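Heads up: the structure comes next, in structure tokens.
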2 protein chains.
Amino acid sequence: MVTILDVARLAGVSKATVSRALNGKVVVREEVKARILQAIAETGYRPNQLARNLANNKTNSVGLVVTNGLYNGPFFASLTYHAATNSEMHGRQLVLADGKHSAQEERDAIDLLMSLRCEAIMIYPKYLTVDELDTIIDNSQTPIVVINRELPRHRNQCVFVDHQQSSETMMAHLLAQGHTRIAFVTGAEGSPTGEKRLAGYQQALRRAGIEPDPQLLVHGAWSTDSGYAAGRELLARQVPFTCILAGNDDMAIGVAKACLEAGLRLPQDVSLAGFDDSVLGKYYHPSLTTIHVPMEAMICHAIDTLLMPGEHAVCSHEGELVRRESVAPPK
Amino acid sequence: MVTILDVARLAGVSKATVSRALNGKVVVREEVKARILQAIAETGYRPNQLARNLANNKTNSVGLVVTNGLYNGPFFASLTYHAATNSEMHGRQLVLADGKHSAQEERDAIDLLMSLRCEAIMIYPKYLTVDELDTIIDNSQTPIVVINRELPRHRNQCVFVDHQQSSETMMAHLLAQGHTRIAFVTGAEGSPTGEKRLAGYQQALRRAGIEPDPQLLVHGAWSTDSGYAAGRELLARQVPFTCILAGNDDMAIGVAKACLEAGLRLPQDVSLAGFDDSVLGKYYHPSLTTIHVPMEAMICHAIDTLLMPGEHAVCSHEGELVRRESVAPPK
DNA sequence: CTGTTAGCGCTTTCAA
DNA sequence: TTGAAAGCGCTAACAG
């Protein structure tokens with residue numbers, strides 16, 4: 001391995017001068033600089049970022065903790081994509097750490113990123129509770145921001161969308177179309193996001209003077225497969241409904257498959273809607289009415305919060321209704 | 001920041017002993033060890049991986065270079081997912097670097113990962129040519145493996161699937177169903193993957209005694225949008241065909257939209273197939289016949305190659321035909 | 001403008 | 001089994 005010392009010797013200068021020539025903070029005589037560049041070219045020298053980072057005590061990297069289970073699916077793609085792109089825009093590398101299957105492992109992932117001395121850490125939690133996250137943030141020396149979870153005690157360390165509000169917006173649209181028998185497919189058990197969406201559904205129903213019918217509630221687990229199973233279960237119950245709202249787009253697509261197999265036409269026989277505005281839904285036939293989650297804005301916000309000084313007031317983002325073909329008035 | 005020295009002092013031992021207690025390579029008296037652990041707990045000490053890496057001259061990380069343009073889409077998700085999961089299985093962190101929009105930027109991304117002293121680097125190239133990749137590998141001190149590109153000169157530094165063979169397999173299926181007028185939607189211009197799939201299409205046709213009709217060739221760019229546009233263009237040509245093979249599933253979904261809008265039914269009026277076995281296609285209605293690309297096996301293979309010693313013979317993987325509902329015999 | 005001299009926090013000989 | 005000391009490769013005062 002060729003080091004800065006080799007370059008220095010070859011160029012007939014000191015390590016410090018090579019360092020200065022490379023970092024450009026201090027002026028180095030042109031002629032000397034040329035000699036150094038020449039030596040670098042000859043030796044094929046490549047600065048050791050590790051040593052540099054240690055000397056500077058900073059790494060130019062930001063960490064992202066996500067959980068395995070979220071990895072597949074378009075949602076993860078969008079999250080990682082924007083995280084990577086935005087990090088690079090700030091000149092930082094993105095380091096991934098898997099939260100695996102438990103709160104402890106999510107904690108370990110954070111710890112790991114801290115040992116790596118990431119400048120900042122983003123976490124899209126799955127198992128850690130709000131209390132646990134609060135504690136972690138309290139004890140953390142490095143900036144942390146939590147994505148998709150509201151932390152009342154740490155308004156500046158979280159960005160999220162108001163899922164209940166989004167759900168109510170969606171329901172308002174569905175009710176306005178004339179639907180009253182609306183089924184709901186829940187997300188995975190214990191998911192705050194799922195609970196908020198369900199709460200919005202029930203809230204909107206009650207506000208419209210309709211008591212939620214337990215017969216119209218089926219349980220899913222976010223995946224398309226689970227949506228398909230939920231759809232079949234709902235149909236098997238033989239209760240009347242004119243519309244199905246699924247906890248996310250993936251499940252909505254699964255539900256659609258179940259409906260189509262049962263000979264139902266979308267949206268003539270049954271309307272269908274989801275959440276997340278995934279690519280899937282956009283090109284599905286019929287295209288899927290959904291709620292757009294502003295992932296890019298959220299990540300952008302998160303990274304700005306982490307890397308830029310000062311206050312960043314709004315931590316709550318709004319979901320936006322995307323009307324498409326899968327919802328029509330009931331017959 | 002609390003360092004190993006703070007812990008040592010508090011425990012009344014030397015830095016070296018703390019280090020040994022932590023790394024477990026050398027035996028430390030139990031009683032002393034307990035005191036050290038105690039001190040660590042009290043101080044909240046967290047080893048600095050940076051310093052550790054520098055001292056050991058290794059980082060326990062593997063780098064992945066992918067290009068921005070590939071980021072969105074389920075393909076990227078699958079790639080990153082398996083890369084991250086497999087890296088972690090080998091106890092390594094995954095570091096992402098964006099190849100951006102040019103060969104030079106892909107090169108820069110590799111350089112960056114090298115400066116970071118990643119133990120190994122995976123690259124899913126978009127702009128770099130085989131020659132350029134060969135050169136990079138020749139000059140590289142750190143292990144590199146190229147994904148989805150065949151490098152005849154570096155059979156042990158590449159993993160790929162035989163796209164032409166896959167395409168021929170797909171065509172054999174289509175022809176066997178009785179289709180003879182089969183349209184093809186190409187991938188983005190200049191993409192080796194796209195070219196291989198096109199070559200397979202033409203090859204299979206000729207072998208069946210059918211001269212490829214330029215009227216049945218339309219150009220796409222991998223995205224669903226481009227597939228939609230290609231579909232519309234094809235329909236506008238008013239030439240007869242009974243089947244469309246798209247360069248990937250995303251485009252196939254776009255093509256489907258164009259067909260459905262034109263009042264065509266799938267697969268009764270026109271059969272449709274793609275490549276990649278994306279989630280999209282699996283739950284589309286009708287579900288999409290496609291070629292499964294063994295991403296997991298490839299990444300697994302790539303990481304094994306990088307991290308384990310010894311030979312890993314096969315670098316070529318086989319795509320697998322997935323028959324589903326979107327292909328039926330012509331009327 | 002440039003060289004010298006200390007570190008950054010940890011690991012690892014080499015002695016004891 | 002443990003401590004002292006010498007690095008890992010680079011940056012950053014401090015002189016000159």
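Each chain gets a letter, A, B and so on, in the order the sequences are listed, and its residues count up from 1. As the structure is a computational prediction, the values presented were derived from the model and not from experiment.
- Among the protein residues, A:Asn23 comes within range of the sugar-phosphate backbone only, with heavy atoms under 4.0 Å from sugar or phosphate atoms but none that close to a base.
- Separating the CG atom of A:Asn56 from the C1' atom of D:dA13 is a distance of 14 Å, rounded to the nearest angstrom.
- DNA chain C is contacted by both A:Val28 and A:Asn57; A:Val28 maps to the nucleotide lying nearer its 5′ end (nearest heavy atom per residue).
- A salt bridge is defined here as a Lys NZ or Arg NE, NH1 or NH2 lying under 4.0 Å from an Asp or Glu carboxylate O, and A:Glu106 with A:Lys126 fails to meet this definition.
- In this structure, A:Lys58 places its NZ atom 17 Å from P of D:dC10, rounding to the nearest Å.
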Give the C-alpha distance, both sets of side-chain angles, the deciding distance and a yes or no for side chain to side chain donor-acceptor pair (under 3.5 Å) between A:Asn156 and A:Thr305. CA-CA 8 Å; A:Asn156 278 317; A:Thr305 303; over 6 Å; no

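- Remark: P of D:dC10 and CG of B:Leu54 are 9 Å apart, rounded to the nearest angstrom.
- The CZ-P distance, from B:Arg35 to D:dT2, rounds to 8 Å in whole Å.
- Checked for salt-bridge contact, B:Asp138 and B:Arg153 meet the test: a charged N lies under 4.0 Å from a carboxylate O.
- For the pair B:Ser14 and D:dG3, the criterion of a side-chain N or O lying under 4.0 Å from OP1 or OP2 is met.
- Interface remark: the B:Arg20 side chain does form a donor-acceptor pair with the D:dG3 base, using a distance-only criterion of under 3.5 Å.
- Protein atom NZ of B:Lys15 is 10 Å distant from nucleotide atom C1' of D:dA6, rounded to whole Å.
- A salt bridge is defined here as a Lys NZ or Arg NE, NH1 or NH2 lying under 4.0 Å from an Asp or Glu carboxylate O, and B:Asp108 with B:Lys100 fails to meet this definition.
- Qualifying ring pair (Phe, Tyr, Trp, His ring centres under 6.0 Å) partners for B:His317, counting only residues two or more places apart in sequence or in other chains: B:His301.
- When the nearest nucleotides of DNA chain D are assigned to B:Val32 and A:Tyr45 by heavy-atom distance, the more 5′-ward of the two goes with B:Val32.
- Within 4.0 Å (heavy atoms only), B:Val18 reaches no atom of the nucleic acid at all.
- Evaluation of the salt bridge (charged side-chain N to carboxylate O under 4.0 Å, His left out) test over residues 29-41 of chain A, restricted to residues two or more places apart or in two chains, returns A:Arg29-A:Glu31, A:Glu31-A:Arg35.
- For the residue pair A:Thr85/A:Glu88, the side-chain donor-acceptor check at 3.5 Å is not satisfied.
- Rounded to whole angstrom, the span from the CG atom of B:Leu50 across to the C1' atom of D:dG9 amounts to 12 Å.
- If A:Val27 and A:Ala16 are placed on DNA chain C by their nearest nucleotide, the residue sitting closer to the 5' end is A:Val27.
- Computed from coordinates, the B:Leu5 CG to D:dA4 P distance equals 11 Å when rounded to whole Å.
- In this structure, of D:dA12, D:dT2, D:dC8, it is D:dT2 that holds the atom nearest to the side chain of B:Arg29.
- A close approach under 4.0 Å does not occur between any side-chain nitrogen or oxygen of A:Asn48 and OP1 or OP2 of D:dC8.
- Scanning DNA chain C 5' to 3' for nucleotides with an atom closer than 4.0 angstrom to a non-hydrogen atom of chain B gives a first and last hit of C:dG9 to C:dT13.
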